[in-house]
Structure formats: C-alpha cells, structure tokens
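Data first, discussion second: the structure below is written as structure tokens.
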Amino acid sequence: HWQHPSHALEQSDTQELENPAESEEHTTFVVLGASGDLAKKKTYPALFSLFCEGRLPRNFTIVGYARSDLSFDDFWERLSPGLAKVSAFFGNRSARHRGMSHICLSPDTFRERCSYFRGQYGSPDDAARLDKLLQKEHEAKFARANRMYYLALPPSLFADAVRALKPLAWSQKGWNRVVIEKPFGHDLPSSDKLASELMAVLEEKETYRIDHYLGKEMVLDLIPLRFGNVAFTPIWSNHYIDSLRITFKENIGTEGRGGYFDKVGIIRDVMQNHLLQMLTLVAMERPASLLDEDIRDEKVKVLKQIGPIKTEHVVLGQYTRSEDGKTPGYKDDPGVPADSQCPTFATLVMFINNERWAGVPFIMKAGKALEERMAEVRIQLKDVPGGLFGELARNELVIKVQPNESVYLKIYGKQPGLSNEVVQTELDLSLHDRFDIDRLPDAYERLSLDCLNGDKRNFVRTDELREAWRIFTPMLHTIDGLAGGDATPVTVHTYPFGSRGPPDSDALVQHFGYKQTTGYTWKPKKKGGAGNE
Ligand SMILES: NC(=O)C1=CN([C@@H]2O[C@H](COP(=O)(O)OP(=O)(O)OC[C@H]3O[C@@H](n4cnc5c(N)ncnc54)[C@H](OP(=O)(O)O)[C@@H]3O)[C@@H](O)[C@H]2O)C=CC1
Ligand SMILES: O=C1O[C@H](COP(=O)(O)O)[C@@H](O)[C@H](O)[C@H]1O
C-alpha cells in the first residue's frame, strides 16, 4: 500500500473528524502573489478541489496576500473562472467522505474560508500585521496552529519574502512550511545563489520546492511500477534496455508569453526540471524505504552519475509559421526579438555512468508548437536474438504521462485464428479503462495535499536541484554564447508550427540506436476524463 507513514489524512475521515485533537488544530494557507496568474490558474483551484474532496483539515483559512489594491470582491472575481471549472466537475455531489457530508461543497462555502490581505513582500511591518491578524482572527482558540506559505511569486522575491516572514509571521504553536515555484535559478551559479539566500533563512525541512510533474499520476506511478513488480527487475538495465526516451510535446506555441520565454528556452523550461525528474525516477536504484529522504537520496545518487551534456549530443529548433500560413511563428509573438536564437525545441542525449546504465542513451525531446500534446517515457528493449520469427520490431514499455494516462508494453503474439503469423500487440493498462475513475487530481492538488501532510518525497531537495543544474549548465552556457574559448555555438534549426520538429532531431535519435516501429499505433481504448491537464 503506497502510503506515507505520517499521512494523517489518509486515515478514514470518520477517524479524522472524531479525533478531538483535530478540532484543536487550525491550518492557514497564505498564498503570496494571490493576485497573479499561478494563484488564479492553479493554487486556488487545487485548494478548492481538495476542499471538495474533503481533504482539507476541518479548521482552515486561506489568506490571499498581494500588493494590489483589491477589494475582496474584486479578488474573488479574478479567482472565479478557475473555481467554476472545479465546481462544474464536483457539481452538487455530496462529499465522498462520511464525516464531511454536512458541508456544502460550493465556491460560496469555500469563499467563507478565504480573505484578501494587502501587503508588500519583504515588509517586516506587513509580516507583523499578518501575524497579528492570524493569531487574533483565526488561531486564538486553537491549541495548535500551522501555516503553509505558498510563494506564487517571481523567484526574485522569494528571499525577501521569507526574510520578513520567518522572524515575524512564523507560527509559534505548529508547523510552518514554504512552497516555492520554479524557476529555481537560470544556471548553476544563479541557482546556488538563490538556494543559499533561501537556506540562510529556511530549513530544508520547511522548504517544499515544487516540480509539478512530480504530482502527475503516471509520474507518481513510476516507483510502484518499478519496485512493486519483480517482472521488471531483471530487464531494467543495459542487459535488456537499448535506449530510453522521454518526450514532452505541446501543440501550442508561446501564445503571448514569448517575451518571458525568450529568456528561458525549452531546455530550462521543461527539460532541466520536469523531464530530468522523470528520468531520475526511471533510473534510480531501489530506495531503502518509501520515506522522503530515502527516495531523494537515491535520486541524488543517480544524478551524480550523469556527466554534463555534450553540445554535439544536442539538436535545437525554433518554430516558424505553420505550413498553411495560418498559425504564427515564434518570432511573431510580441516581445520576441527579431533575431532571437531561443530554442523552442530540443533533443538531447545523456548517459548514466554506472553498472546498470553504462552505454544506454537517455534521449530527451521537448518542444512547443509540435503536432500534438503529449508526455511519455518510452523504454526500448534490445532486438530478439535468434530470428525465429524473422525481423521483429523491438519490445517497448511506454509510460504515457498525458493524455490518456496508461502503461503499455508492445509485444508480439500469434495472430488469432487459423493463421500462424505473429502480430504486434500490447499489454495495456489504460487507467481510465481499468479503474473506475472519473477524475484524476491535478498535479498541484496532489502536491498541495502532500505539503499539508508533511510528505516531501515529491518535492525537489536542494542537492538534487544542484545536480540538475550541474548536468545542464555547461551546455546551456555554450548555447547562450557564455562558454567562451573554442565552444562552437549550436545551430538552431527551424521547424514549421504543427510539425514533428527539425529532421536533425530524428537523425540524432536514430544515431543513438532508437528503432522506430512502423505500421503499428497504440490506440487508447477510452478517452481520459478530467485529469492532469
Ligand atoms: N503562471 C503559471 O502558470 C506558472 C507559474 N509558475 C511560477 O510561479 C510563480 C508565480 O507565477 P505567476 O503567478 O505567473 O507570476 P506573476 O508574474 O503573475 O506574479 C505573481 C504576483 O506577484 C506580484 N509581482 C509580480 N512582479 C512583481 C515585482 N516585480 N515586484 C513585486 N511584486 C511582483 C504581483 O502581485 P501584486 O502586484 O498584486 O503584489 C503578481 O500578481 C513564478 O515563479 C512562475 O515562474 C510556474 C509554473 C506555471
Ligand atoms: O512548467 C511548465 O509546464 C507547462 C506544461 O505543463 P503541463 O502540465 O501542461 O504538461 C509548460 O507549458 C510551461 O511552458 C512550463 O513552464
């Protein structure tokens, strides 16, 4: 049973609500940057979904903190479209959990628990004012009071914000936790600087560094899949695996965010964090236990065995207008300089230098404005020796992260009937088909609950972050023209909006031994419901 030992809320809700200690405890969520985009699109809808699922503590308050001069009604108006999507799903369903059935799960009931606090980030006066308000208005009658600070802010504000909060607005009678969002720096030196500023104030145990891919259902499934099935143990190495691919595709471009994206590029945007996290979970050794630190120790160990990525193992691309001329190219996005060399697409290869993985290429591909939206891990096994059935396509184990969350293994079997032919087919675990699920929680919902429960295994530890930047920084500096010396700049190929990316990417993937299966396409049996969108 895949549970965290300290998972208090995983007890039955009857137990939870009958526990007298629960009524003596209060939890406040303070969302800093509450007027912003992330708060509106992700943080508040995630908290509201948890509320509808009966997963928030009995006594809780949510304080939206921002500088903007907003009345509570104005603030609520901003949040309403995101919350409406959640209530459209939950509708009038009564809470699933017995003890919560007396609570009406509507945005209005949720609204009663929310407030708006106007303050500057990093202001000692405002931090002290917030503390006073929380103590007086919300926490006074409780023996314990916990505070979760969610920094939905630009990272340049993190250090100042926590420097003011920690001495003046930390609960003295419960836990304090701080959730921070990417980007965590721009390269190794800037990440180290940000980490040391934060860690001068916060303890590691108070810091919850979000990578939202770690909250996606199929990414969470990687550990149970690998370590709960002895069937996979013998094949999970260079003895049977030929190559491993991790792919992220979006079928939209930067859509007005080009000005921001141009300073980041696809490698920093999704590869150094989301895709590397998936790679780590696929490649790490068995952890000593499922406790946070045991898992994170194994993740760090495998990262330490990856050398810096070589620029000759990288193909870059930037999208142009679609072939039919209808969809704009990257440089048409306002804020993108006309001479931008920013990659919106990259394929790159890395190797893990240990006994298990030596010689196996780990191929990452990510791009915006491609032909579809999807994310997956694809493990290609070696050719079948002996040639008994002629030339067969390779077995592939595919973990489809989105859409249509599933795991399938491409195998051969006999064509049913009188024929003696072998035919390619699959063992298919499609979540929406196999399980009675009408909804998979959004990654932010899952991670907010983990933070509430003090479960850190799906958050990025400081040493893990450092290793991730160490692997990517030399190559990024070459691309950025910062490497100096003889470093040759990497060519940025163009590709039309809606295509598969530049052809050089396919050539690189083939060079590293990946064999494309032709004539066979896996089809989801049932379309996924509302899920990790
Ligand atoms: N938006 C998204 O979907 C995602 C965002 N993120 C990350 O989450 C964090 C927050 O994102 P997002 O909500 O888009 O950010 P915003 O740019 O919307 O900023 C959030 C709030 O911070 C305040 N703020 C912004 N700039 C400044 C400034 N220079 N000085 C002081 N206050 C400022 C504003 O509030 P006010 O002026 O009212 O105080 C604003 O509403 C960022 O780190 C981002 O990279 C990560 C993944 C997805
Ligand atoms: O972090 C990011 O992720 C999104 C993609 O997330 P998903 O959950 O929709 O797959 C990406 O669009 C964005 O550019 C990036 O910053």
Side-chain angles (χ1 to χ4, degrees), residues 30-46 64-71 74-75 78-79 82 116-123 126 150-161 164 179-186 194 198 209-219 246-278 330 333 342-346 366-370 372-376 400-403 405 440-447 460 531-533:
V30 183
V31 182
L32 286 97
S35 57
D37 190 53
L38 181 75
K40 177 175 72 177
K41 282 195 334 219
K42 295 291 183 186
T43 320
Y44 275 88
Y65 183 126
R67 298 173 313 168
S68 299
D69 187 8
L70 297 172
S71 67
D74 295 338
F75 172 60
R78 288 185 183 214
L79 300 181
Y116 182 74
F117 180 95
R118 190 174 171 213
Q120 303 288 329
Y121 314 109
S123 151
D126 291 338
Y150 197 114
L151 306 193
L153 289 173
S156 54
L157 304 173
F158 290 170
D160 279 351
V179 181
I180 52 177
E181 272 288 346
K182 72 162 191 131
F184 310 119
H186 195 69
L194 183 61
L198 274 174
R209 207 178 264 110
I210 278 209
D211 182 310
H212 82 276
Y213 266 61
L214 288 175
K216 289 192 183 259
E217 194 66 29
M218 295 314 297
V219 178
I246 301 179
T247 307
F248 165 98
K249 295 186 194 180
E250 280 188 326
N251 55 1
I252 51 170
T254 47
E255 307 215 304
R257 286 177 69 227
Y260 159 78
F261 190 86
D262 206 67
K263 297 184 198 78
V264 180
I266 195 73
I267 300 174
R268 291 182 174 94
D269 195 38
V270 299
M271 295 173 118
Q272 178 272 346
N273 35 59
H274 307 331
L275 302 205
L276 191 64
Q277 283 295 331
M278 288 198 263
Y330 176 64
D333 207 9
C342 173
T344 59
F345 174 98
K368 292 202 175 267
L370 296 178
E372 60 177 325
R373 173 179 183 265
M374 72 90 133
E376 67 174 29
K400 197 157 257 307
V401 173
Q402 64 192 25
E405 293 85 348
L440 287 172
D442 180 78
Y444 279 89
E445 182 182 341
R446 165 70 198 216
L447 294 174
V460 182
N532 271 319
E533 289 308 310

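All ligand and atom numbering here is 1-based and tracks the order in the structure. A quick note: this is a predicted structure, and the numbers were derived from the prediction, not measured.
Less than 4.0 angstrom separates some heavy atom of K216 from each of these atoms of ligand 2: 7 (P), 8 (O), 10 (O). Near P155, meaning under 4.0 Å from one of its heavy atoms, ligand 1 places the atoms 43 (O). The A66 neighbourhood of ligand 1 comprises atoms 38 (O), 39 (O), with distances under 4.0 Å to a heavy atom of that residue. Proximity to H274 (heavy-atom distance under 4.0 Å) selects the following atoms of ligand 2: 1 (O), 2 (C), 3 (O). Taking every non-hydrogen atom of K182 and a distance limit under 4.0 Å, the qualifying atoms of ligand 2 come out as 1 (O), 2 (C), 15 (C), 16 (O). Atoms of ligand 2 found under 4.0 Å from any heavy atom of D269, numbered from 1 in the order shown, are 13 (C), 14 (O), 15 (C), 16 (O).
Side-chain atoms of R209 come within 3.5 Å of backbone atoms of V460 as a donor-acceptor pair (strictly under, hydrogens ignored). With hydrogens and angles ignored, the 3.5 Å screen pairs no side-chain donor or acceptor of D160 with any backbone N or O of G122. Of the possible polar contacts, one joining the R118 side chain to the R67 backbone as a donor-acceptor pair under 3.5 Å is found. Side-chain N or O atoms of R268 include one that pairs as donor or acceptor with a backbone N or O of H186 at under 3.5 Å. No donor-acceptor distance shorter than 3.5 angstrom exists from the side chain of T254 to the backbone of R257, with no hydrogens or angles considered.
When ring centroids are compared, H274 and F248 stay outside the 6.0 Å threshold. Between F345 and Y330, the ring center distance fails the sub-6.0 Å criterion.
Here the heavy atom of the protein found nearest to atom 21 (C) of ligand 1 is G33 CA, 3.7 Å. Of the protein's non-hydrogen atoms, K41 NZ, 3.4 Å is the one closest to atom 3 (O) of ligand 1. Protein heavy atom in closest approach to atom 40 (C) of ligand 1: S35 OG, 3.7 Å. For atom 38 (O) of ligand 1, the closest non-hydrogen atom on the protein side is S68 OG, 2.4 Å. Counting protein heavy atoms only, atom 1 (N) of ligand 1 is closest to D37 OD2, 2.8 Å. Protein heavy atom at the shortest distance from atom 46 (C) of ligand 1 is E181 OE1, 3.3 Å. Closest to atom 5 (C) of ligand 1 among all protein heavy atoms lies L38 CD1, 3.6 Å. Here the protein heavy atom with the shortest distance to atom 45 (O) of ligand 1 is K182 O, 3.0 Å.
Ranked by closest heavy atom to atom 17 (O) of ligand 1, the top entry among P154, G36, P183, A152 is P154. The closest non-hydrogen atom to atom 43 (O) of ligand 1, taken over L151, T43, L70, L153, comes from L153.
For the pair R373 and E250, the salt-bridge criterion is not met [side-chain N within less than 4.0 Å of a carboxylate O].
With a 6.0 Å cutoff to the six-membered ring centre and a 45° limit on the axis angle, K216 counts as a cation-pi contact of Y213.
In this structure, CG in N251 is found 11.5 Å from CE in M374, a value given to the nearest 0.5 Å. The distance from the NZ atom of K249 to the CD atom of Q402 is 12.5 Å, given to the nearest 0.5 Å.
For the residue pair Q120 and Y65, no side-chain donor N or O sits within less than 3.5 Å of a side-chain acceptor on the partner.
Contact between Y444 and ligand 1 is present, with at least one heavy atom of the residue lying under 4.0 Å from the ligand.
Taking a distance limit of 4.0 Å, we find that atom 29 (N) of ligand 1 is approached by no protein heavy atom. Under the 4.0 angstrom criterion, atom 15 (O) of ligand 1 counts as lacking any protein heavy-atom contact.
The side chain of Y213, and not its backbone, has at least one atom closer than 4.0 Å to an atom of ligand 2 (non-hydrogen atoms only; side chain from C-beta on). Heavy atoms of M374 found under 4.0 angstrom from ligand 2: none, in either backbone or side chain.
In terms of polar-atom proximity, defined here as any N/O pair under 3.5 Å, R67 does make such a contact with ligand 1.
Counting heavy atoms from C-beta on, the side chains of F158 and L153 come closer than 4.5 Å.
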